[in-house]
Structures are given as structure tokens and as C-alpha cells.
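What follows is one structure encoded as C-alpha cells, with my remarks underneath.
For ligands, and for the atoms within them, numbers begin at 1 and follow the listed sequence. Positions are given from 1 along the sequence.
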Amino acid sequence: SQPFATCVGGNQAETLGLYPIVDSSEWLKRLLPLGITTAQLRVKHLQGQALKQEIQTAVALAKHYRCRLFINDYWQEAIAAGAYGVHLGQEDIASADLVAIAQAGLRLGVSNHCHWEMARGKTLRPSYLACGPVFATQTKAMPWVPHGLAGLRYWSQSLPGQTLVAIGGIKQSNLSAVAATGVSGVALISEITAAQNPEQATRQLMAMMPGNACLQ
Ligand code: TZP
Ligand code: MG
């Protein structure tokens with residue numbers, strides 16, 4: 001299998017594709033067999049040994065299905081489990097050891113909600129910059145003005161070669177327009193996890209974003 005590049009691979013755009021964010025390895029068991037190529041484990045309800053175990057289970061599943069799995073927040077547990085990457089918010093940066101993450105060979109994704117954060121996020125040279133919210137969302141309190149499609153186009157044109165991930169309020173009805181802005185990945189929570197039939201919703205969303213590639 002391909003060795004993981006360090007998190008400073010930020011000047012090399014890659015296609016991340018449809019990027020579901022879920023809160024348990026149970027979700028990954030349901031979604032990864034469908035061919036998901038990038039996913040995030042965003043656990044907010046576990047700690048200690050249970051958290052470590054959940055991250056290890058998720059990483060093992062991701063390796064089995066050759067999916068790029070980013071672990072939200074828990075960078076130490078992600079390093080210990082040999083995860084593909086870590087996803088951090090700007091508020092997490094000060095307390096995270098970015099050098100340790102890079103030296104362990106993990107990728108880094110960073111959340112960005114406004115121009116100021118995009119500028120700061122860019123200086124970290126992450127594997128991808130997440131731009132959100134694209135549209136209004138109920139999933140997480142978002143006191144920022146949504147980037148909108150025009151904002152996403154602006155970022156993809158002004159940061160050529162930078163891997164960008166769109167997030168926030170993305171649904172089947174707007175996915176094609178979001179993908180057409182030139183972003184490398186499209187992250188979604190509720191459109192998948194709150195769907196009546198999450199597997200069917202995922203298949204339909206994937207079909208709208210062809211060309212997803214698994215790790216070799
Ligand atoms: N960061 C920016 S928007 C968002 C996060 C975590 C929530 C996205 O959830 P949804 O349900 O896809 O709008
Ligand atoms: Mg965080």
C-alpha cells in the first residue's frame with residue numbers, strides 16, 4: 001500500500017470526492033462498503049479507553065476499504081492508531097502538536113470560516129482547507145456568513161493547486177453546483193446521517209460526483 005504523505009502535501013491538489021462526516025465506526029461500517037473514498041470520524045460523546053477503541057476500529061475499517069479517514073480533534077489517538085489524517089478546527093491549532101502530526105506521517109485538514117481563518121489556515125500548509133459553511137446549516141452553530149457558491153469559486157480560483165473541501169448545508173439539491181466550483185471534496189453530515197435511507201442517499205450523492213478514487 002502507498003505510504004501516507006506528510007501533512008505538508010498541501011501544494012498538491014487531490015480529489016477527495018464525497019466526504020461524509022460521521023460520529024461512530026458503526027456509520028463507517030455502513031458507508032465504507034459503498035465505495036466512500038474520504039471520511040471523517042467526528043466523535044463528541046466518548047473519552048478514555050472507549051474513545052481510543054472507537055478510533056482504532058474506525059482506522060482499521062478505513063484501511064480495509066482504502067478510505068482516507070480523518071480523525072476530528074483527537075490527534076494523539078489518531079497518531080497512535082496510525083490514521084490517515086487529522087482534522088482540526090482553528091481553535092484546536094494552539095494545543096495540537098502539528099510537527100508531531102507531520103512527523104508521524106498523518107495528513108492535516110483545517111476548518112476555515114472566513115477570510116481571516118483561510119489566511120491563517122493556509123500558513124499551516126495543510127493537506128486540505130475546509131471552507132464552511134457554504135450554506136446555512138442546523139448541524140452546528142455557525143456565527144459566520146455562509147461562503148455561498150461565489151465564495152467557493154473565489155477560493156478555488158485564488159488558491160490554485162490547494163485542495164479545498166466544501167462543508168455546510170450541502171444537499172442533493174445543491175451538490176452539483178458545489179462540485180462545479182472546483183473544490184476537491186464535498187463534506188456532508190445531515191444529508192447522509194439524517195436521511196431516511198442513508199445508504200441509498202449516499203449512493204445517489206456519489207453518483208453525482210463521479211471520479212472518486214480510493215487509495216492505491
Ligand atoms: N463545519 C462547518 S459547517 C458544519 C461543520 C462541522 C456542519 C455541516 O453539517 P451539514 O449537516 O452537512 O450542514
Ligand atoms: Mg475541533
Side-chain angles (χ1 to χ4, degrees), residues 7 16-24 27-28 31 36 38-47 51 54-55 58 69-79 83 85-98 100-101 106-118 120-121 124 126-149 151-152 155 163-179 181 183-198 201-202 204-206 208-209:
C7 74
L16 298 178
L18 191 79
Y19 180 177
I21 300 178
V22 295
D23 65 2
S24 70
W27 271 113
L28 295 173
L31 301 183
I36 289 298
T38 309
Q40 185 183 129
L41 181 71
R42 183 172 178 264
V43 179
K44 300 285 180 190
H45 61 288
L46 294 177
Q47 46 193 340
L51 173 68
E54 180 70 338
I55 291 173
L69 180 69
F70 289 85
I71 305 296
N72 190 297
D73 287 345
Y74 299 108
W75 58 274
Q76 284 155 310
E77 291 79 359
I79 291 174
V86 174
H87 181 94
L88 298 176
Q90 302 251 339
E91 67 283 5
D92 305 315
I93 297 295
S95 59
D97 186 341
L98 301 187
I101 293 169
L106 275 66
R107 300 262 179 150
L108 174 68
V110 176
S111 294
N112 305 275
H113 304 95
C114 59
H115 280 69
W116 189 92
E117 290 191 355
M118 284 294 280
R120 183 184 189 228
L124 303 171
S127 297
Y128 70 80
L129 290 168
C131 306
V134 179
F135 305 111
T137 176
Q138 305 298 316
T139 305
K140 183 179 172 185
M142 283 284 144
W144 292 278
V145 177
H147 296 256
L149 293 171
L152 280 188
W155 290 122
T163 304
L164 296 176
V165 169
I167 182 167
I170 300 171
K171 314 207 164 295
Q172 218 178 97
S173 55
N174 57 33
L175 177 65
S176 298
V178 170
T181 63
V183 294
S184 312
V186 180
L188 314 93
I189 302 180
S190 56
E191 186 69 346
I192 291 176
T193 59
Q196 270 190 354
N197 184 334
T202 302
Q204 286 169 350
L205 292 161
M206 285 173 70
M208 296 171 71
M209 283 195 73

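Between Gln204 atom CD and Glu191 atom CD the span is 9.5 Å, to the nearest 0.5 Å. We find the CG-CD1 distance between Leu188 and Ile170 to be 5.5 Å, quoted to the nearest 0.5 Å.
Within the 4.0 Å heavy-atom criterion, the part of Met142 lying near ligand 1 is the side chain and not the backbone. With a 4.0 Å cut-off on non-hydrogen atoms, Ile189 touches ligand 1 through its backbone as well as its side chain.
Residue contact check: Thr137 has heavy atoms under 4.0 Å from atoms 9 (O), 10 (P), 11 (O), 13 (O) of ligand 1. Within ligand 1, the atoms closer than 4.0 Å to a non-hydrogen atom of Leu188 are 12 (O), numbered from 1 in the order shown. Listed by number with element, the atoms of ligand 1 under 4.0 angstrom from any heavy atom of Ser190 are 10 (P), 11 (O), 12 (O).
Ring geometry for Phe70 against Tyr19 counts as tilted: the plane angle lies between 30° and 60°, on a 0 to 90° scale. Between His115 and Trp155, the ring planes are tilted. Angles from 30° to 60° get that label.
Among all heavy-atom pairs drawn from Cys131 and Leu152, the shortest one is CB-CD2, 3.8 Å. Contact record, Leu149 with Thr181: O-CG2, 3.8 Å, taken as the closest heavy-atom pair. Scanning both residues, Ile101 and Val86, for their nearest heavy atoms gives CG2-CG2, 4.3 Å. Nearest heavy atoms, Thr137 versus Gly169: CB-N, 3.8 Å.
Residue Lys140 places a heavy atom under 4.0 Å from ligand 1. Heavy-atom distances between Ser111 and ligand 1 stay at or above 4.0 Å for every pair.
In terms of N/O distances under 3.5 Å, ligand 1 is not approached by Pro133. Residue Ile170 has no N or O atom closer than 3.5 Å to an N or O atom of ligand 1. Between Arg42 and ligand 1, not a single N/O pair is under 3.5 Å apart.
Contact annotation: the side chain of Pro20 never approaches that of Trp27 to less than 4.5 Å [non-hydrogen atoms, C-beta and beyond].
Taking a 6.0 Å sphere around CD of Gln47, one finds it holds 12 or fewer heavy atoms contributed by other residues, nucleotides or ligands.
The residue from His87, Glu117, Gln90, Glu91 that alone fulfils the side chain to side chain donor-acceptor pair (under 3.5 Å) condition with Ser111 is His87.
Closest to atom 10 (P) of ligand 1 among all protein heavy atoms lies Thr139 OG1, 3.4 Å. Looking at atom 5 (C) of ligand 1, its nearest protein heavy atom turns out to be Ile167 CD1, 3.5 Å.
Protein contacts to the Mg ion (ligand 2) involving N, O or S atoms at a distance below 2.8 Å are Asp73 OD1, Asp92 OD2.
With hydrogens and angles disregarded, no donor-acceptor distance shorter than 3.5 Å links the side chain of Asp23 to the backbone of Arg42.
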